[in-house]
2 protein chains.
Amino acid sequence: MKLPTSVTIKEVGPRDGLQNEKQSISTADKITWIDSLSESGLSYIEVSSFVHPKWIPQLADAAEVLKNIRRKQGVTYAALVPNLQGLERALNVEVDEVSIFMSASEAHNRNNINKTIEETYPILEEVVKEARAAGKTVRGYLSTVIGCPYEGAVAPAQVRTVADRLFSMGIDELSLGDTIGVGVPTQVERLLEELLPHFSANQLAMHFHDTRGTALANIVKSLEMGITIFDSALGGLGGCPYAKGASGNVATEDLLYMLHEMGIETGVDVDDVMTSARLIENIRGEKLKSRQMEIEAANCQENRKAGV
Amino acid sequence: MKLPTSVTIKEVGPRDGLQNEKQSISTADKITWIDSLSESGLSYIEVSSFVHPKWIPQLADAAEVLKNIRRKQGVTYAALVPNLQGLERALNVEVDEVSIFMSASEAHNRNNINKTIEETYPILEEVVKEARAAGKTVRGYLSTVIGCPYEGAVAPAQVRTVADRLFSMGIDELSLGDTIGVGVPTQVERLLEELLPHFSANQLAMHFHDTRGTALANIVKSLEMGITIFDSALGGLGGCPYAKGASGNVATEDLLYMLHEMGIETGVDVDDVMTSARLIENIRGEKLKSRQMEIEAANCQENRKAGV
């Protein structure tokens, strides 16, 4: 099994996790949580989104959060921006990296950002240009790279077409999202076989939702194909917008368990991450569903029974 | 990705699932459930265990269950037997296949069956001999093939030593159990690299518990190495005896989703399996934790909200 010796984990919990919250989480609690994430060895935290608060009220406090977190040296604090107005708000609070986003499938793109794929390009192009002019790196998010909730299977060639356009705008990295968590390793392999002849492996990140439990299997296949950047969210936060109550992002702590056991370095401290997971669990007041948190809860209960 | 075109799924829910139940499930309910499993296209169902009821009271009704299920042609109905007394009880009710069991690690073997590994061999040897004399095929279960709750990592060479002894007794197939669900694909690969030069792939089955979410990833690696027999339990039943409340066996329906999406045939009907999962969920009165059941519950809630 040919595997990379180290990978980068990009923690998207504060954005992709919290944007689906039903309950309101205070700005102060978000800041406390992000500050604890900063102490765990993570080198990248996606902090919030500058999408208009009308669309994602959960993240309306993006500017306040970015202004007040304790920035740790060596950690990149990123945020999503949908357009120039969003970019301006993000630059005002000195975001480190800007993330733009669109979908590989026409129907999801239209449903999510109310534009066709063709209409989306010029808007993102402007954002990339201005962000780069302001000295920021830019990450692209491409959603529904394997399956679309409206169109079904998405052809790898279609993903490549959109990826081509995004890279030619000047993005630094592209995160490929299995947004609805339908992917299996054979599909991941076909997708990467389509993309890797054209893009460098270190410009591509994989972003798996674990809706059907296949995220870790998909990550192993990605690792075997040379991918070294993975998005995840503490506690598997995020849910699935198309099946409320179903599982969300692959859980950072479960991914860490697997990577470390496979001898792959991440620079992230599992104990610190678990502390941070307990923190957001307490803030949300709901049990996190990652396997590591489940095991911890089980052991804790056993210890209570045993009087430890 | 080199994969088999079809695999056999061995449903262990009625035994490995129900043996960990806190609540009591009636014999009639077990029979109803097993009868529904028989209609789903599964070719192998592990029905119960003839371990002394003192040790597993949950399965004390093994004989009643085996006597009263509706046997479908083409389905193998198997049961665990620990010794000659258990075998006799199993043969009395015409079990199709007999399963013997032991552990690859000394401490787990001692803890589980109160004997050293060396002391276990002659007992199993008798059982295999008598079972074969009675015209039955014999399956071996080897627990803790990757990690042991008492000893930690288990060396692949140790697994091979025990496997050698079991095959030389005359077992037909060996199911390799990651009993506590600690394994990751690199470890699965090392284990199978040790075993496959000595045993045929079609004599080996993999039995993964999904305690840490790695079961499907481990199954993909096993498939790539030529394994075509996998144990699973509907709804991920079974839990973890070492962390009560944690996840159990890999869920049959989640495994089916992945295999079918990968183009691998199983002969099992997903809809029928889901019907059977809902049945045992109702009997147990507790939400099953498989991803497929989670998605179904989420969709069901959405439909209720939408008035569908």
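So you know, we letter chains A, B, ... as the sequences are listed, proteins then strands, and number each from 1.
Of the two parts of A:I219, neither the backbone nor the side chain holds a non-hydrogen atom closer than 4.5 Å to a non-hydrogen atom of chain B. Looking at B:V182, both its backbone and its side chain come within 4.5 Å of chain A, counting heavy atoms on both sides. Only the side chain of A:Q187 comes within contact range of chain B, with heavy atoms under 4.5 Å apart. Both the backbone and the side chain of A:D210 have a heavy atom closer than 4.5 Å to some heavy atom of chain B. Looking at B:E253, neither its backbone nor its side chain comes within 4.5 Å of chain A, counting heavy atoms on both sides.
When side chains are defined from C-beta on, B:E193 does not count as touching A:M1, because their heavy atoms never get closer than 4.5 Å. The shortest side-chain heavy-atom distance between A:L3 and B:T186 falls under the 4.5 Å cut-off.
B:R291 and A:G213 get closest at one heavy-atom pair: CG-N, 3.7 Å. Of all heavy-atom pairs between B:R212 and A:I295, the closest is CG-CD1, 3.5 Å.
Within residues 256-266 of chain B, the residues approaching chain A closer than 4.5 Å by heavy atoms are, in numerical order, B:Y257, B:M258, B:E261, B:M262.
Atom CD of A:E224 and atom CD of B:E224 lie 5.5 Å apart (nearest 0.5 Å).
Among A:A246, A:S247, A:A215, the residue with the largest count of heavy-atom pairs under 4.5 Å with chain B is A:S247.
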